[in-house]
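Step one of this worksheet: look at the structure below.
These values consider heavy atoms only, across backbone and side chains, with no hydrogens, waters or symmetry-generated copies. Owing to the predicted nature of the structure, the values given are computational and were not obtained by experimental measurement. Below, chain A is the first sequence line, B the second, and so on; all start at residue 1.
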Amino acid sequence: MEIRETHSFDLTPGEAVRLQEKLRARISFSGDLDEVSLLAGADASYVKGSNEIHAVVVVLRYPDLAAVERASASIETSFPYIPGLLAFREGPALLEAFRNLRSEPEVIFFDGQGVAHPRGLGIASHMGVLLDRPAVGVAKSLLLGTAAEPGAPRGSTSPILRGGETIGMAVRTKERTQPLYVSVGHRIDLVQAVDLVLATSRGYRLPEPTRQAHLYANAVRRERNGKGGQTSLPSGGR
DNA sequence: GCGACAG
DNA sequence: ATCTTGTCGC
């Protein structure tokens, strides 16, 4: 993918916060999506004792979810994990992975929050704005706000509230598992974002784009890491 | 001041 | 995120 815009990621936490406050104004909460034919999932994995970060993007065809393309990038990061500043840790690697991608997915799922963030600019919104592409935040836990437990059936939802405002939706993508927390990233509305997450969740808690990205990110880390990584193979399950 | 806190 | 084997439940 062509990345027309970027900025320095070599910032102090304070400078990063100011940049978030500035970029948040550019988020579009409305959807301009017609028919989705390609969607992507992005994720990153790390090597325990080092600063290595392996970022990947997996593109799937919609609605059959067949794999179309995978791209990755492995770099050194210096920014630590600070709640609220995740994009400054994973962003550089993710953008590099997108540069290595040839497909043009219409929507991208990110691991983490969209606007359900202290400054309204979680990693999904941040990347969405820089890539100027519809983006959805799919998080496994909450960073901001509260949400009642969604009903038991798959597809049940419950709003993520923050001072009376709905900033996202808790979504039950699979029965008897913890809900996912979906929020608008960029150029999409919450209803469509939730619809897409549910439409791409097939038998697992994580929607396929995110799940495939997770698996690929771990695979990339392992092959680029002959020793320090995990040696056992997934035990499987069917 | 204290606790919470995406990945 | 990462470290880890078996184990309980669907």
Side-chain angles (χ1 to χ4, degrees), chain A residues 9 13 16-17 20 24 41-57 74-95 97 108-128 135-147 152-154 160-163 167-186 193 197 203-207 210-211 213-222 224-225 227-238:
Chain A
F9 277 87
V17 166
Q20 290 182 322
R24 70 181 295 182
D43 190 28
S45 68
Y46 307 83
V47 172
K48 187 184 65 172
S50 73
N51 289 318
E52 289 177 51
I53 176 171
H54 304 282
V56 309
V57 183
S74 301
I75 66 175
E76 294 275 322
T77 180
S78 55
F79 205 94
Y81 168 67
I82 299 173
L85 298 179
L86 179 63
F88 291 87
R89 178 166 173 74
E90 301 190 346
L94 287 172
L95 291 176
I108 305 166
F109 286 6
F110 287 90
D111 251 58
Q113 316 294 338
V115 300
H117 175 280
R119 288 164 295 283
L121 191 90
I123 191 167
S125 297
H126 196 145
M127 293 297 106
V136 177
V138 180
K140 296 180 291 301
S141 63
L142 238 31
L143 172 62
L144 176 72
T146 58
R154 169 187 138 74
I160 299 173
L161 302 173
R162 208 268 171 133
I167 58 176
M169 204 70 91
V171 182
R172 182 138 274 149
T173 51
K174 180 183 184 343
E175 299 188 351
R176 299 176 219 82
T177 62
Q178 289 302 113
L180 251 32
Y181 300 93
V182 178
S183 60
V184 167
H186 183 50
V197 167
Y204 297 89
R205 177 160 84 125
L206 299 178
T210 298
R211 202 175 79 84
H214 256 294
L215 294 172
Y216 184 45
N218 286 323
V220 168
R221 185 196 59 211
R222 286 190 52 196
R224 306 257 230 281
N225 227 75
K227 287 290 192 278
Q230 208 133 308
T231 307
S232 61
L233 267 56
S235 48
R238 211 101 305 149

Contact class for [X] (heavy atom, under 4.0 Å): base, sugar-phosphate, or nothing?
X: His126(A); value: nothing
X: Gly137(A); value: nothing
X: Ile53(A); value: nothing
X: Leu180(A); value: nothing
X: Tyr46(A); value: sugar-phosphate

Return yes if a side-chain donor-acceptor contact under 3.5 Å exists between Ser125(A) and His186(A), otherwise no.
no
OP1 or OP2 of [N] sitting under 4.0 Å from any side-chain N/O of [X]?
X: Lys140(A); N: dA1(C); value: yes
X: Ser141(A); N: dG7(B); value: yes
X: Asn218(A); N: dT2(C); value: yes

From [options], nucleotide with atom closest to [X] side chain:
X: Arg89(A); options: dG7(B), dC5(B), dT2(C); value: dG7(B)
X: Asp111(A); options: dA1(C), dA6(B), dT2(C); value: dA1(C)
X: Pro83(A); options: dC3(C), dC5(B), dG7(B); value: dC5(B)

Figure out the [atom1]/[atom2] separation between [X] and [N], and round it to whole Å.
X: Phe88(A); N: dG7(B); atom1: CZ; atom2: C1'; value: 15 Å
X: Tyr81(A); N: dC5(B); atom1: OH; atom2: P; value: 10 Å
X: Arg162(A); N: dA6(B); atom1: CZ; atom2: P; value: 15 Å
X: Phe79(A); N: dG7(B); atom1: CZ; atom2: P; value: 17 Å
X: Gln113(A); N: dA6(B); atom1: CD; atom2: P; value: 8 Å
X: Leu144(A); N: dG3(B); atom1: CG; atom2: P; value: 20 Å
X: Ile82(A); N: dG7(B); atom1: CD1; atom2: P; value: 16 Å
X: Leu206(A); N: dA6(B); atom1: CG; atom2: C1'; value: 14 Å

Taking Gly122(A)'s backbone N and O only, do any of them form a donor-acceptor pair with Gln20(A)'s side chain (distance below 3.5 Å, no angle check)?
no
Give a yes or no answer on whether the side chain of Arg205(A) reaches the backbone of Thr177(A) with a donor-acceptor pair at less than 3.5 Å.
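Not a single qualifying donor-acceptor pair exists.
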Under the ring-ring contact (aromatic ring centres under 6.0 Å, His included) criterion, do Phe88(A) and His126(A) qualify, and how do the steps go?
CA-CA 10 Å; Phe88(A) 291 87; His126(A) 196 145; 5.4 Å; yes
What do you reckon, is CZ of Arg162(A) surrounded by more than 12 foreign heavy atoms closer than 6.0 Å?
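Result for CZ/Arg162(A): open.
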Return the stacking result for dA6(B) and Tyr181(A): yes when the ring centres lie under 5.5 Å apart and the planes under 30°, no otherwise.
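No; centroid distance or tilt outside limits.
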